[in-house]
Amino acid sequence: MQSFVDFIQGFLGLGATVILPVAIFLLGLFFGQKPGKAFRSGLTIGVAFVGIFLVIDLLTLNLGPAAQGMVDRLGVELNVIDVGWPATSSIAWASVVAAFIIPLGLVVNVVMLVTKTTKVMNVDIWNYWHYTFMAAVIYAISGSIIQGLIAAVLFQIVCLKIADWTTPMVRDFYEMPGVSVATGSTVSYAPFIFLVKGLQKVPGLNKLNADPDSIQKRFGVFGDSMVIGLILGAAIGALAGYGVGEIINIGMSMAAVMILMPRMVKILMEGLMPVSESARNWLNKKFGDSDITIGLDAAVLLGHPSVIATALILTPITVLIAVILPGNNVLPFGDLATIPFVIAFIVGAAKGNIVHSVLVGAIMIALSLYMATDIAPVFTEMATTAKINLPEGSAMVSSIDQGGNLINWVIWRIFDLFN
């Protein structure tokens, strides 16, 4: 069993840049593509994800230290550290239930496709770690592998159903036909779409329109997405107490993120569209159903400038909320760069309106911090069991990504009633 777990961990350690191209290549062959064409599609998607994750690293390397600088200037001490998704995924795969999740997840997806309870063919196997973390949480409180696996399946079903629900948004707003997103750190915040719909009916607020196109029309060159990235990045650097050189550097980095991310997503779509078209043709011939979509990492949604702009504005807001929120003990840090994933569906529902996205995003983050605080004791126990070193000065650890994940928290609380 341990050798199998080690193999799974080693395979997943290759990351999405290896796993997704392999999955796309095999899918292309399955749906009748010639090997050369399928190989090129998989390779193109791999290259695109290398670029996407390089840009995400650029976000991470700049936002983490800047957030720490803001916290230091405020002189606040919070005893639960947000360790971020990398540590969280390590905790998940260290659990004894981890070995079962990928085969079980694939079976569940196939069964749902056959029974037509979903139209999402989720090839984003890397992000099965979200299901694994759910299983690990329930195993930690119950000691039952069966309960853990049931919880993981429930989490996966909810993710796939939300992916079905949000497919029209991904197609129309993000202009990605044939694509769905079932990533646990994104779909779990989809229920907050109803807040966006409510906000759009509030007199006064519903007139505030601040999407990139309207901003550029009003402010000219200063409304360009690259310039917006420069300004927001520089503002974050100033709030962190950086010197002039560092302020300019973080501003340039965020300008680069705004311009490079959409380019990487275009490359990804170039690789995906042939496979997607082959899948639709094959399914139409076999079953008369061409509506099947391919589930990809939520990183594909970060190409829209409204997503990055909203996330950059929410970064200092998140730190401020953590400081003033009564009852919160979580210090945001590791998952600040995950904010674009958290708010991607909200931005889509708001049709790129940055004002509405920031308002709803702030409410989401406040609730996420409460949930992350609530689950911190269990989270810390899991980290200790997985032999994850706790950050210096922290009594406990948690994360915004999974500790403050709404669906994860609800399932945990339901199982907690019986354990």
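- Put simply, the side chain of N127 never gets that close to the backbone of T183: no donor and acceptor are under 3.5 Å apart.
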**Message:** The test is side-chain contact (heavy atoms from CB on, under 4.5 Å); show your working for I313 and I354 and say whether it passes.
**Reply:** CA-CA 9 Å; I313 294 170; I354 296 172; 3.7 Å; yes
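- Minimum interatomic distance between F192 and L406 (heavy atoms only, all atoms of both residues): CE1-CD2, 4.0 Å.
- Each of T384, V80, T88 was compared with F379 under the side chain to side chain contact (heavy atoms under 4.5 Å, CB included) criterion, and only T88 meets it.
- Under the side chain to side chain donor-acceptor pair (under 3.5 Å) criterion, S368 pairs with Y189, sequence neighbours left out.
- Looking at heavy atoms from C-beta onward, F345 lies in side-chain contact with L301 at the 4.5 angstrom threshold.
- When only modelled atom types and interatomic distance are considered, N405 and S188 share a side-chain donor-acceptor pair under 3.5 Å.
- The closest side-chain heavy-atom distance from F25 to L43 is not below 4.5 Å.
- Looking at Y174 and V179, their side chains never come closer than 4.5 Å, going by heavy atoms from C-beta outward.
- Closest heavy-atom contact between Q33 and A38: OE1-CA, 3.5 Å.
- In this structure, S399 contributes its side chain and V83 its backbone to no donor-acceptor pair below 3.5 Å.
- Residue pairs meeting the salt bridge (charged side-chain N to carboxylate O under 4.0 Å, His left out) criterion with at least one partner in residues 139-163, sequence neighbours excluded, are absent.
- Between the T373 side chain and the N329 main chain, a donor and an acceptor come within less than 3.5 Å of each other.
- A donor-acceptor pair is defined here as one N or O able to donate and one able to accept, closer than 3.5 Å; such a pair exists between the side chain of T167 and the backbone of A163.
- Of the possible polar contacts, one joining the T380 side chain to the V397 backbone as a donor-acceptor pair under 3.5 Å is found.
- Relative orientation of the Y131 and Y128 rings is tilted, given thresholds of 30° and 60° on the angle between their planes.
- Using a 3.5 Å distance cut-off with no hydrogens or angles, the side chains of N122 and Q156 do not pair a donor with an acceptor.
- Residues in residues 406-419 take part in these salt bridge (charged side-chain N to carboxylate O under 4.0 Å, His left out) pairs, two or more places apart or across chains: D374-R413, R413-D416.
- Checked against a 6.0 Å centroid threshold, the rings of Y139 and F415 do not count as neighbours.
- Using modelled atom types, one side-chain atom of D335 and one backbone atom of D401 make a donor-acceptor pair closer than 3.5 Å.
- In this structure, the side chain of D82 does not engage the main chain of L369 through any donor-acceptor pair within 3.5 Å.
- Using a distance-only test at 3.5 Å, with no hydrogens or angles considered, no donor-acceptor pair links the side chain of N408 to the main chain of M134.
- Under a 3.5 Å cut-off, the side chain of T117 and the backbone N or O of M112 do form a donor-acceptor pair.
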